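Throughout, a chain's letter reflects where its sequence line sits, starting with A, and its residues are numbered from 1. Side-chain atoms are counted along with the backbone in the values below, which use heavy atoms only and exclude waters and symmetry mates. Here the structure is a predicted model, which is why all the values come from computation and not from measurement.
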Amino acid sequence: MDLGPHAGFILASYGLCLMTALILIAWVRLDKAAQEKALNDLADRGIKRARPEDRSSEAS
Amino acid sequence: MTSWAMALFQRDLRLSVRVGGSALVGVLFFLAVVTVIPFGVGPDLNLLARIGPAILWIGALLATLLGLDRLFQADRDDGTLDLMLMAGRPLELVVLIKCLAHWTATGLPLVVAAPVLGIFLNLDPVSMAAVTATLLVGTPALTLIGAIGASLTVSLRRGGLLLAVLGVPLAIPVLIFGVSSADAAIRDPVPFLTPFLILCALSLIAAVIGPIASATALRFASD
Amino acid sequence: MAFWDYANPTRFLRFVQAVLPWLTGLCLLFFAVGLYMSFFVAPEDYQQGDTVRIMYIHVPAAWLCMMCYSVMTLSSIGTLVWKHPLADVSAKSAAPIGAAFTFMALVTGALWGKPMWGTYWVWDARLTSVLVLFIMYLGLMTLWRTMEDPIKAGKAAAVLTLVGALNLPIIKFSVDWWNTLHQPASVMRFDGPTIHPDILWPLLVMAVAFTLMFFVLHLMAMRNEILRRRVRALRMRAASAAQPAPAGAAQPAE
């Protein structure tokens, strides 16, 4: 596939978009890991949520 | 009904003019900004005359936005804000009056100083008058827009810069129409009145949106 | 109604868990088709040559940065009017994603502008409005970061988002006005109906793919935010239990 004389610009813009998307995905994944780790740490220290599954609204 | 409004206006005005107030710092900042620009762009008088209205407007924008951080914070620190919230007066009106007092203390001096600083920038009398007129109409809008930022950052210890960052995008229309109506008076691509009237409209819009939004934000910040 | 059912964060998390794999798969499928179409199917423009292929990511990114602000505006109304407990979570997690899409639109616009206009940046009305939008996203994110209490920060950010939503049309109008004053000839324009179907189809597929990507990321970021608030609430409860305060600082769970 020949992208003509401006191939660099096309590839650069696709590449930069891909990079931005990957950074977003990485941020979301790492953030999730960090929060779950914090929750697990708290659970290990015996601090849990009072109503883990929220039964009151489950019943309704 | 106007007695409490007058009392509030006079109180705010006195507080900002007396010792401990910061009314004149804004003008000094304005002077400093305008003085520093020729060192940046060079002392070419023709260039300065061309970009003079823009310099004056940007200086006024920065001076207004950076001077607003104490608008509600001082009242919050000593508890006056809570009294105002509980006084049963419409908070939107309170905010409007406070903005008016603040503008009289800090915005009006900028307008008065603009012709003097215009001399430094080699402005001719027509454009000097035009810039002064646009600043007179436009700076209230800047104060009212900045008041939104001031009320959002009221609970932060150092909200000054954040206030400016939040306020600048909202102030862009005012800047555009202020500078272009000043420009229109000199080199007329469009008649002076068109952008000038839009600038007036922007100030009126800001007089509605500003108090409503900052009153909402102040209510949320207090509870 | 579904809208109120998912006010319960636990239930919302379960909904995310169920929906996310399908949404991600659909998003990848659309991206595969869209990228294939934009590189191999779509013809090159007779004027712009292959550079027109940048359009297939530039236009969806620009569309998404507007849509993301609309989502934040709706969420802010949800925060202020209905006090929906997930509305400020939604607004907060949409802001960085919107900023990222705005960044994409700006970068691809600049990279498209260099071969077409001969310069990376022109103070064109559309680019300038997007730049202002970018600053507004960053300002909102900063406001979120500077406030300790997520509920208060949510309300403050909601007020700012709504003021921004009211101001965006004014900003757009004034930037357009300013632009016609300074450079009367528009450098390039899209007249909607005249876009050829060969170009339109890849564009639409890519737009759907970008929109799906937004929703995937948004749901994931919302889930993270809910977990973050849980961690915060648990830590505060642990702290107040360890050091009994006179007025038992009862912290709501979410």
Side-chain angles (χ1 to χ4, degrees), chain A, chain C residues 5 7-11 14 31 35 38-40 44 48-54 56-58 60-61 93 96-97 99-101 103-105 107-116 210 213 216-221 223-235 237-238 241 253-254:
Chain A
M1 182 180 55
D2 181 29
L3 285 177
H6 301 303
F9 291 103
I10 301 170
L11 293 179
S13 52
Y14 274 85
L16 277 170
C17 276
L18 184 68
M19 204 184 72
T20 317
L22 286 181
I23 290 174
L24 264 183
I25 293 168
W27 164 69
V28 163
R29 298 305 275 276
L30 290 177
D31 197 18
K32 180 162 187 279
Q35 301 311 325
E36 279 175 347
K37 183 172 177 295
L39 273 179
N40 285 335
D41 284 355
L42 284 167
D44 287 344
R45 282 161 48 198
I47 304 160
K48 287 205 180 92
R49 304 187 68 221
R51 39 189 184 108
E53 286 310 312
D54 208 78
R55 293 203 175 74
S56 60
S57 68
E58 283 294 297
S60 64
Chain C
D5 275 353
N8 179 332
T10 309
R11 204 174 280 192
R14 207 173 303 137
F31 262 115
L35 284 175
S38 54
F39 271 106
F40 298 104
E44 51 192 67
Q48 308 190 12
D50 277 303
T51 330
V52 78
R53 300 195 199 283
I54 296 180
Y56 302 123
I57 45 174
H58 173 73
S93 33
I97 304 173
F101 280 117
F103 176 73
M104 280 188 204
V107 166
T108 52
L111 282 170
W112 195 7
K114 179 68 180 168
M116 288 303 103
F210 268 69
M213 180 163 95
V216 168
L217 288 171
H218 189 214
L219 287 178
M220 287 169 87
R223 179 170 64 186
N224 291 346
E225 184 59 29
I226 292 172
L227 293 181
R228 189 188 342 271
R229 289 187 186 186
R230 269 187 196 168
V231 169
R232 185 183 135 86
L234 286 178
R235 281 201 180 129
R237 198 188 306 158
E254 268 90 26

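Contact of the C:Met220 side chain with the A:Asp31 side chain is not registered, since no non-hydrogen atoms from C-beta on lie closer than 4.5 Å. Looking at heavy atoms from C-beta onward, A:Leu16 lies out of side-chain contact with C:Thr108 at the 4.5 angstrom threshold.
The distance from the CZ atom of C:Arg232 to the CD atom of A:Gln35 is 12.0 Å, given to the nearest 0.5 Å. Within the model, atoms CG of A:Leu11 and CZ of C:Arg53 stand 11.0 Å from one another, a figure rounded to the nearest 0.5 Å.
Interface residue C:Leu35: only side-chain heavy atoms are found under 4.5 Å from chain A. With a 4.5 angstrom heavy-atom cutoff, C:Val107 touches chain A only via side-chain atoms. Heavy atoms of A:Ile25 lying under 4.5 Å from chain C belong to its backbone as well as its side chain.
C:Arg235 and A:Ala38 make their closest contact through NH2-CB, 3.7 Å (heavy atoms, listed as atom of the first residue, atom of the second, distance). Nearest heavy atom pair, residue A:Leu39 against residue C:Leu227, reads CD1-CD2, 3.7 Å. The two residues C:Ile54 and A:Ser13 come nearest to each other via the heavy atoms CG1-OG, 3.4 Å. Nearest heavy-atom pair across A:Cys17 and C:Ile57 is SG-CD1, 3.8 Å. Shortest non-hydrogen contact noted between A:Leu24 and C:Ala100 is CD1-CB, 3.6 Å. Residues C:Met104 and A:Ala21 share a closest heavy-atom pair of CE-N, 3.9 Å.
Sorted by first and then second residue, the pairs that involve residues 12-40 of chain A and meet ring-ring contact (aromatic ring centres under 6.0 Å, His included), not counting sequence neighbours, are A:Tyr14-C:Phe39.
Every residue two or more places apart in sequence or in another chain was checked for a ring pair (Phe, Tyr, Trp, His ring centres under 6.0 Å) with C:Phe103, and none qualifies.
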